[in-house]
> 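After the structure tokens below, expect a handful of questions from me.
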Amino acid sequence: MFLKNAWYVAAWDHEITRDLQQITVLGEKICVFRLESGYLVGLGDACPHRKLPLSKGRIKGDHVECGYHGLTFDCAGQCVWAPGTGRIPSEARVHAYPLHEKYGLVWIWMGNPALADASEIFEIENYDQPDWGINRGAAMELDCNCLLMCDNLLDPTHVAWVHEGSFASAATKDTPLRVTKTDSGVILRRWMMDHEPAPFYKKVIGFQGNCDRLQHYEVRYPSHALTRAVFTPAGPCGPDGPRRPLSWTAIIS
Ligand code: FES
């Protein structure tokens with residue numbers, strides 16, 4: 001069972017083009033493409049006539065023509081042309097999923113379209129700041145229940161053992177964690193004070209000597225994980241000090 005009235009990540013923005021293609025989200029098959037204007041469209045990927053996937057059809061301007069008998073649909077999922085008939089059946093329509101682009105990702109609303117509000121997609125502080133960098137990693141496919149991934153991403157305690165030699169430092173073994181429930185999920189975090197940086201971070205933090213480090217692991221409904229890593233030189237900055245340019249935020253969905 002899934003939370004339906006929520007925004008999910010469907011794809012990278014560059015993956016959805018003028019070509020019809022099928023994606024699967026929450027077990028639902030969806031035909032996605034872009035209009036000539038670049039506007040994103042997501043339609044239930046089964047023609048209401050004989051269920052051929054619309055993604056097997058043809059794009060005609062801003063319409064989709066079914067590849068079986070030619071029923072043609074607009075971006076709202078309504079049939080606008082039925083060859084060989086004198087009328088367009090009003091029930092000939094497919095579900096239209098709201099889509100939205102943000103952070104280089106395509107987000108999809110899987111529930112009642114009338115409730116879709118793109119302003120509810122969470123904010124990433126500093127994302128648009130020109131003096132901050134953005135890295136886009138490849139997608140990693142995991143053949144497991146998504147809850148296991150959420151479990152892993154809410155578990156900073158594994159770092160000391162799984163990531164020994166990279167992300168782990170002595171402080172990741174025994175510094176207590178603080179757990180906070182929020183309206184949108186749960187956060188586990190801890191500041192680890194005045195310790196030698198872990199080997200991976202030592203190469204990139206840009207200062208010498210010991211550091212103060214924040215581990216911030218957050219999962220937000222329905223399935224998004226945000227991890228934050230903040231490093232400051234030990235002492236002068238601390239938990240309330242400046243956050244740039246020694247901070248990282250990662251979105252995992
Ligand atoms: S299956 Fe689509 S028009 Fe017949």
Side-chain angles (χ1 to χ4, degrees), residues 1-121 136 138-147 149 221-224 251-253:
M1 183 155 114
F2 298 106
L3 294 174
K4 297 295 286 287
N5 285 322
W7 289 101
Y8 288 82
V9 171
W12 292 107
D13 54 3
H14 63 267
E15 292 177 319
I16 299 185
T17 66
R18 287 282 291 156
D19 294 327
L20 301 175
Q21 60 180 303
Q22 183 185 81
I23 62 171
T24 302
V25 181
L26 307 189
E28 298 180 27
K29 302 211 178 319
I30 302 160
C31 172
V32 291
F33 62 100
R34 287 182 188 270
L35 301 185
E36 290 175 328
S37 64
Y39 183 82
L40 290 160
V41 178
L43 301 177
D45 200 14
C47 176
H49 182 218
R50 289 286 184 267
K51 301 300 181 189
L52 188 89
L54 293 180
S55 58
K56 301 280 189 195
R58 301 171 198 87
I59 191 163
K60 294 284 183 75
D62 282 344
H63 293 161
V64 176
E65 181 186 82
C66 178
Y68 204 172
H69 311 96
L71 283 185
T72 301
F73 301 86
D74 66 13
C75 64
Q78 179 60 53
C79 179
V80 293
W81 192 57
T85 70
R87 67 179 189 92
I88 296 172
S90 60
E91 65 275 20
R93 58 177 301 119
V94 292
H95 182 74
Y97 295 79
L99 296 172
H100 185 76
E101 289 182 74
K102 191 166 188 175
Y103 308 134
L105 301 166
V106 174
W107 300 75
I108 188 165
W109 180 267
M110 296 300 294
N112 180 352
L115 300 179
D117 177 359
S119 70
E120 291 179 358
I121 298 173
R136 301 189 191 284
M140 184 189 296
E141 293 197 15
L142 300 168
D143 188 14
C144 70
N145 189 307
C146 64
L147 294 178
M149 200 62 219
Y221 304 125
S223 63
H224 312 304
I251 313 171
I252 302 165
S253 181

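When a ligand or atom number is given, it counts from 1 through the structure's own listing order. Basis for what follows: all heavy atoms, side chains included, without hydrogens, waters or symmetry-related copies. Heads up: numbering here begins at 1 and tracks the sequence.
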> Check H49 against L71 and note the closest heavy-atom contact, atom names and distance.
CB-CD1, 3.8 Å
> Identify each donor-acceptor pair in which a side-chain atom of residues 23-33 lies under 3.5 Å from a protein atom, sequence neighbours left out, and give them as a table.
residue: E28; atom: OE1; partner: Y97; partner atom: OH; Å: 2.6
residue: E28; atom: OE2; partner: K4; partner atom: NZ; Å: 3.0

> Heavy-atom contacts with ligand 1 below 4.0 Å: which residues, ordered by chain and residue number?
C47, H49, R50, C66, Y68, H69, G70, L71
> Between D62 and R18 (salt bridge meaning N to carboxylate O under 4.0 Å), is one present in this structure?
yes
> Suppose we call two aromatic rings close when their centres sit under 6.0 Å apart. Are W7 and W107 close by that rule?
no
> Nearest 0.5 Å please: distance from the NZ atom of K102 over to the OG atom of S119.
8.0 Å
> Got a second to check how far H69's NE2 is from L52's CG, nearest 0.5 Å?
9.0 Å
